Visitor: 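Below: one structure in C-alpha cells.
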Amino acid sequence: MDFSEQPHQTEIRDSLNKILSEHCSQECLKKYDSGFKHDEDLFSLLSGNGYLGLGINEKYGGSGEDLYDLGILFERLGYHAAPLSLSGCLVDVAQTIQKFNSDSSCNKILGSIIAGEIYTSAILEPSNQDPENPATSALIEGNELIISGTKYLSELASIAKNILVSVNSDEGVLLVLVKSDQVKLTELSSTANSPLFKVDLESVRVDRKSIIHEKGKGLEALRYLLQINMVMRSYFALGVNEKMTSLIASYTSEREQFGRVIGTFQAVSHRAANCFIDLECHRLVNQQASIKLNTSLDCENDALVSKIWAANTSHRTSYSAQHLHGGMGVDKDYVLWRYCLLAKECELINGSASQNIDRLGINITTNQ
Amino acid sequence: MLIELNPKQLKLRDELQEYFEGLFTPELKAELNLPEYFEGGGPEFKKAMRTMGSDGWIGLSWKKELGGKELSPIEQYIFVETIMRTGFPFPFLTTESVGPMIAEHGSEWAKEEIATKILKGEIIFGIGYSEPNSGTDLASLQTKAIKDNDGFLINGQKMWTSLANFSDYIWLATRTDFEVKNHKGISMFIVPTNDPGFSMSAINTLGDVRTNATFYDNIHVPDSHLVGKLNQGWSLITSQLNLERLALVNHGPVEELYKDVLKTAQATKINNDQYLSDLSWVKHNFAQIHSGIEALKLICWKQTWIMESGQLNMAEASVAKVYGSEFFIEAYRLMMEIIGELSILKNNSEFRILNARLERMYRTASILTFGGGTNEVQRDIIAMAGLLMPRTR
Ligand SMILES: Cc1cc2nc3c(=O)[nH]c(=O)nc-3n(C[C@H](O)[C@H](O)[C@H](O)COP(=O)(O)OP(=O)(O)OC[C@H]3O[C@@H](n4cnc5c(N)ncnc54)[C@H](O)[C@@H]3O)c2cc1C
C-alpha cells in the first residue's frame, strides 16, 4: 500500500498551480461571469505545455496513461475556478477513444486533442434518468447512420468541430462522432455560466466509420465514458471543495467578533473540521476510483461512490463556507461565491446524490 | 388540544388570497421579474403599496389607536404566509417592525409625518444595523451620533443596508455614549436618504439580491428624529429582531414551491412508461420535504399561539429560526435533486423548470442561517433557555 503521490505528480500539481493562479485572479475570472466562459489563452497555454496529454499514452504523444495525472488537472481547474470546461474533450472523447479505438483515426484524434483542437461530447438528454439507454436513435442504412434526437449540457459545442454522441440502434448502443456543422446548437444558461449547449440532431447522416469503437462494444464504451466522466468531474469538485475549505480556514482565522477571532468559537472550528473530514473522504474515494479505472474498464460502483461523496461534500462545504463567512461569503467582490455556483453544478451533473445512492443500492443488492 | 386554523382564520386566508390575486396585475408581475426590481422599488410596486395602504392592509400588527388592525399573532402569520406565497416583496420590516415602533416611541413629528405615511404605503425604510466590523456582535457598532444644540450629528458607515437604493429613510442604529457598556450606549434615528451627507455603493450578492454599503457624512438631524429615549436603542433593536425572526421562516413559500415541484414530477415522463414521480428515490425525497414542512408549520403555529398568550419563549423562537433556516437549504436541495441537472438552468435558458425558481432560491438560502442572529448563537440560547445548561464559552 502506498498513498503517496509520485514526484512527477506533485510537479504537475505545482506547475499547474503556478499557471492557473496567474490566469485565474478575481480580475480575470470577472470577465467570464457572463458571456462565453472559455479562456482561449489559458487553453493554448495548457496545450503548449503538454497538459492536454495527461492520461494519454506516450505512443499517441501523451505523457502516460495514469488517470491520476488527469485527475490532478481537473482538481486544479476546480481549485482555481478556471474558465475551462474540458471534461467532454479530455475525458469523454480522448479517454474513450484511447481505450476503445484501435485504428489509425485514434492516433490522429488524440494527436490533435493534445495539440489543442477541441472535441466534445453530447451524452445527456433532458429528463432521461438512464444515460446508458439513450433516447437519441440511429437508423442504419447500408454504410450510413441517420441520427435523430436531442442532447443537452454539451460543453463548448460551439467551438468544437466534432461531437461524440451516444445513440441507440438495431445494433445496440453506439458512440458516434458527428460534425458540429451537421447539428443545431442552442446555448443554455447555467448557474455557474458554464459553456453548455443543447444539441439537436435532425436526421444527421454519418458514415459508419464515425462509430468510434469495434462492433458490439458500444454499451461497454458508453459505460466506461459515463464512469470516467463521473470520476474526473469529481476531481474537479474536489478542487472546488478544497478551495472552499481553505477559504473557511483563512477567513475564520482573521475575522473578529465579540473581541475574538471567530475561528476560536468551538462551533465554528468544529464545522470547519467537518468540512475537512468530508474533503478527506471525498479525496480518498476519488483516488480509489481513478486508480481502479487505470486497470479496469468497468468499476461503476467505485465511480458512484466517488460521485456520491463529491455531491454531498460539495453541498455541505458550500453552505458551511457561506455560513461561516457571514455576509462576506455571498458578496460578489469576495472569492467564495463562484465556488458555490460551481459546487451546485458538481453536485447535480451526472445525477444527484439521492439518484446515485439509489443506483448504487440496486447494484449492491443485486450483486452487481 | 386543537391544531388547525379556525373558521375565522380560514376566512381571513381566503379573503387575503382573493385580495392579492386582484392586486397582482400583469404589469406588476412583469416588473417583479426584472432583476433590478426583485426586491421591489419599481413604479408598479409603489402603486401596489399605496393601494394596500388605502385598503387598510398595512399595519396589521399595529395597535388600533395607532391606526392599525391589531391582528393577533396567528392572523399576522397568515397574512405573511399568504403574501409570501404570491412572491410579492412586501416590506415587512418597514410596515410591521419599524412602523409600530415609531408609532409607539417616536416624537410627535415622527408619529404624524412618518408613521401615518407608512400606514398609507408611501414610505419605505432600510435597516441600518450591521457595520463592516459589527455583524453578529451588533452591539459593538461604531456609527456615532453626537449631540449638538438643536439635534445630532451623525457619522459612520453601515454594511448590507438592503433596500437603501429605493428607501426614503434609514432606521439607523448609532452609538451615543462611548463610556458605557456596548449595548447601553445605542440610540435609534430616522435618517433621510435625501440628505447630502448620505451616500451608498451597491453590493451585489450570490443570490442577485442587491444590498448596499451606506455612508453617513456629517448628517445633521433634529431631536425629533431620535426614536425612543437616548441610549435606550438596544431594546428597540432586540424586540424588532424578535418580531422579524418568525416572519423569516414562514412555511408558506417553501410549501408553495414543493407543490409545484410535485406537480412537475408527476407530469414529467422519463421514458415510455414512467414518470419522474414513479422513481422510489424521488418519492423518498418528496416524503422528506413533506415531513419537514409539517414540522416547520407546526413550530411556527405553536410559536404564534404562545405569542397570543403574551409570552415570548426564547428557546422556541430560536428553534423556529434555526430549524427553519436550515430546513430551507435542505428542502431546496432535495427539490433540485428531483429536478436534477435541469434545475441548474437559469431563467433565460431553454429547458428551465418553474421559471428557474429553484436555481434562484438555492443561491439566497444561506443568508437566513447567519442573518437575523447567527444559528450558533441561537443554539447557545436553546441550550441555555431550553435545556437550562450553563452558558457556553
Ligand atoms: C443579502 C444580505 C442582506 C442583508 N440586509 C441587511 C440589512 O438590511 N440591514 C442590516 O443591518 N444588515 C443586513 N445584513 C447583514 C446581516 O445581518 C449580517 O450578515 C449578519 O448579522 C452576520 O454578520 P456578518 O455578516 O458580519 O458575519 P459575522 O458576524 O462575521 O459572523 C460570521 C460567522 O461567524 C460565526 N460567529 C459569529 N459570532 C459567533 C458566536 N458568538 N458564536 C459562534 N459563532 C459565531 C458564525 O458562524 C457566523 O455565521 C444583510 C446581509 C446580507 C448577506
Side-chain angles (χ1 to χ4, degrees), chain A residues 124 126-130 133 135 152-153 186-194 196 198 255-259 262 265-268 271 311 315 318-319 321-333 336-338 340-341 344-345 347-359 361, chain B residues 130 133-137 139-140 159-160 203-207 209 211 268-271 274 276 279-282 284-285 288 326 329 333-334 336-352 356 359 362-367 369-371 374-377 379-380 392-393:
Chain A
L124 301 176
S127 297
N128 183 355
Q129 302 276 316
D130 183 11
N133 193 7
Y152 83 146
L153 304 182
T186 314
E187 191 163 3
L188 301 172
S189 166
S190 78
T191 198
N193 194 37
S194 299
L196 300 174
K198 170 190 175 193
R255 169 74 173 170
E256 285 184 25
Q257 285 292 281
F258 301 96
I262 58 174
F265 288 113
Q266 202 165 38
V268 170
R271 190 149 181 201
H315 173 78
S318 170
Y319 282 99
Q322 291 174 56
H323 178 78
L324 295 174
H325 276 79
M328 193 58 78
V330 298
D331 184 345
K332 285 191 178 176
D333 282 336
L336 180 65
W337 71 282
R338 283 190 194 88
C340 299
L341 299 177
K344 195 40 104 177
E345 290 198 0
E347 181 192 344
L348 290 176
I349 290 183
N350 286 329
S352 63
S354 291
Q355 182 186 344
N356 286 309
I357 284 171
D358 185 71
R359 178 157 193 135
Chain B
S130 308
N133 295 316
S134 303
T136 305
D137 184 13
S140 67
M159 259 312 253
W160 323 109
I203 303 173
N204 296 308
T205 66
L206 172 64
V209 184
T211 179
T268 303
K269 273 204 137 176
I270 55 168
N271 54 41
Q274 270 187 312
L276 186 53
L279 297 172
S280 64
W281 69 266
V282 171
H284 181 102
N285 276 25
Q288 274 182 284
E326 292 177 3
I329 290 175
R333 180 188 190 198
L334 292 165
M336 288 184 93
E337 287 198 327
I338 291 167
I339 302 296
E341 287 117 340
L342 287 165
S343 66
I344 64 171
L345 297 175
K346 293 175 83 85
N347 200 14
N348 56 353
S349 186
E350 197 174 335
F351 293 131
R352 67 177 178 274
E359 193 281 327
Y362 97 84
R363 291 186 281 125
T364 56
S366 71
I367 298 168
T369 68
F370 59 79
T374 196
N375 284 0
E376 286 90 339
V377 174
R379 285 190 162 90
D380 284 345
T392 55
R393 154 180 341 199

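As the structure is a computational prediction, the values presented were derived from the model and not from experiment. Convention: sequence-line order gives letters A, B, ...; per-chain numbering from 1. We use all heavy atoms of the structure for the numbers below, so side chains are in, but hydrogens, waters and symmetry mates are not.
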Visitor: Kindly determine whether Glu376(B) and Arg271(A) satisfy salt bridge (charged side-chain N to carboxylate O under 4.0 Å, His left out), including the steps that lead there.
Guide: CA-CA 11 Å; Glu376(B) 286 90 339; Arg271(A) 190 149 181 201; 5.3 Å; no
Visitor: Non-hydrogen atoms of chain A under 4.5 Å away: do they reach the side chain of Asn347(B), the backbone, both or neither?
Guide: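 Contact with chain A is absent: no heavy atom of Asn347(B) under 4.5 Å.
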Visitor: Output the distance between atom NZ (Lys344(A)) and atom CE (Met336(B)), rounded to the nearest 0.5 Å.
Guide: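 If I round to the nearest 0.5 Å, the distance is 5.0 Å.
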Visitor: Among Asn350(A), Ile349(A), Asn128(A), single out the residue with the greatest number of heavy-atom pairs under 4.5 Å to chain B.
Guide: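 Heavy-atom pair counts peak at Ile349(A).
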Visitor: Enter the distance from Leu279(B):CG to Asp358(A):CG here, rounded to the nearest 0.5 Å.
Guide: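 Between atom CG of Leu279(B) and atom CG of Asp358(A) there are 7.5 Å.
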Visitor: Do Thr136(B) and Phe258(A) have side chains that approach each other closer than 4.5 Å (heavy atoms only, starting at C-beta)?
Guide: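 Yes - at least one pair of side-chain heavy atoms lies under 4.5 Å apart.
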Visitor: Taking side chain as C-beta onward, heavy atoms only, is Tyr152(A) less than 4.5 Å from Glu341(B)?
Guide: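 Tyr152(A) reaches Glu341(B) side chain to side chain.
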Visitor: Looking only at heavy atoms and a cut-off of under 4.5 Å, which of Glu256(A), Arg255(A), Gln266(A) has the most pairs with chain B?
Guide: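 Most pairs with chain B among the choices: Arg255(A).
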Visitor: Where on Ile339(B) is there a heavy atom nearer than 4.5 Å to chain A: the side chain, the backbone, both, or neither?
Guide: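 Ile339(B) has no heavy atom closer than 4.5 Å to chain A.
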Visitor: Under 3.5 Å, is there a donor on one side chain and an acceptor on the other for Thr191(A) and Tyr362(B)?
Guide: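 Looking only at side-chain atoms, Tyr362(B) and Thr191(A) do form a donor-acceptor pair, the distance falling under 3.5 Å.
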Visitor: Please identify each residue that fulfils side chain to side chain contact (heavy atoms under 4.5 Å, CB included) with Lys346(B), with sequence neighbours left out.
Guide: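 If we apply the side chain to side chain contact (heavy atoms under 4.5 Å, CB included) test to Lys346(B), skipping adjacent residues, the hits are Ser189(A), Asn348(B), Glu359(B), Arg363(B).
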Visitor: Decide yes or no for Leu206(B) and Gln322(A): does some side-chain heavy atom of the first lie under 4.5 Å from some side-chain heavy atom of the second?
Guide: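 Touching, per the 4.5 Å side-chain cut-off.
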Visitor: Under a 4.5 Å heavy-atom cut-off, does chain A meet the side chain of Thr268(B), its backbone, both or neither?
Guide: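 Contact with chain A is through the side chain of Thr268(B) alone.
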Visitor: At a heavy-atom separation under 4.5 Å, does Ile357(A) approach chain B through its side chain, its backbone, both, or neither?
Guide: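 No part of Ile357(A) comes within 4.5 Å of chain B.
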Visitor: Does Asp331(A) reach the side chain of Thr211(B), with side-chain heavy atoms less than 4.5 Å apart?
Guide: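 The answer is no; the side chains never approach within 4.5 Å.
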Visitor: Distance from Leu188(A) atom CG to Ile344(B) atom CD1, nearest 0.5 Å?
Guide: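 Going from the CG atom of Leu188(A) to the CD1 atom of Ile344(B) covers 9.0 Å.
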Visitor: Give, as side chain, backbone, both or neither, the part of Leu124(A) having an atom under 4.5 angstrom from any heavy atom of chain B.
Guide: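 Side chain only.
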Visitor: Who among Gly351(A), Gly326(A), Ala267(A), Ala311(A) has the most heavy-atom pairs with chain B under 4.5 Å?
Guide: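 Option with the top pair count is Gly326(A).
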Visitor: Which bit of Asn204(B) comes within less than 4.5 Å of chain A, counting heavy atoms only: side chain, backbone, both or neither?
Guide: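 Both backbone and side chain.
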Visitor: Identify which part of Leu276(B) has an atom lying under 4.5 Å from any heavy atom of chain A, answering side chain, backbone, both or neither.
Guide: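 The side chain, not the backbone.
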Visitor: Can you tell which part of Ser134(B) gets under 4.5 Å to a heavy atom of chain A, answering side chain, backbone, both or neither?
Guide: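 Contact with chain A involves the backbone of Ser134(B) alone.
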Visitor: How long is the gap from CD on Gln257(A) to CG on Asn133(B), to the nearest 0.5 Å?
Guide: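 If I round to the nearest 0.5 Å, the distance is 7.5 Å.
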Visitor: By a 4.5 Å heavy-atom criterion (distance strictly below it), what part of His323(A) contacts chain B: side chain, backbone, both, or neither?
Guide: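 Both the backbone and the side chain of His323(A) come within 4.5 Å of chain B.
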Visitor: Got a donor-acceptor contact below 3.5 angstrom from the Glu337(B) side chain to the Ser352(A) backbone?
Guide: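 Side chain of Glu337(B) to backbone of Ser352(A), a donor-acceptor pair under 3.5 Å: no, none is there.
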Visitor: Considering only heavy atoms, which portion of Ala353(A) lies under 4.5 Å from any heavy atom of chain B: side chain, backbone, both, or neither?
Guide: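 For Ala353(A), the contact with chain B is made by backbone and side chain together.
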Visitor: CZ/Phe351(B) to OG1/Thr186(A) distance, rounded to the nearest 0.5 angstrom?
Guide: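 Answer rounded to 0.5 Å: 8.0 Å.
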Visitor: Looking at Pro126(A), Ser194(A), Ser354(A), which has the largest count of heavy-atom pairs under 4.5 Å with chain B?
Guide: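 That would be Ser354(A).
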Visitor: Less than 4.5 Å apart, side chain to side chain, heavy atoms only: is that true for Gln129(A) and Gln274(B)?
Guide: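 Counting from C-beta outward, Gln129(A) and Gln274(B) never come under 4.5 Å.
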Visitor: Could you pull out all residues at least two apart from Glu345(A) that satisfy salt bridge (charged side-chain N to carboxylate O under 4.0 Å, His left out)?
Guide: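 Residues passing salt bridge (charged side-chain N to carboxylate O under 4.0 Å, His left out) with Glu345(A): none at all.
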Visitor: Return the OG1 to CG distance between Thr369(B) and Leu324(A), rounded to the nearest 0.5 Å.
Guide: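 One gets 8.5 Å once the value is rounded to the nearest 0.5 Å.
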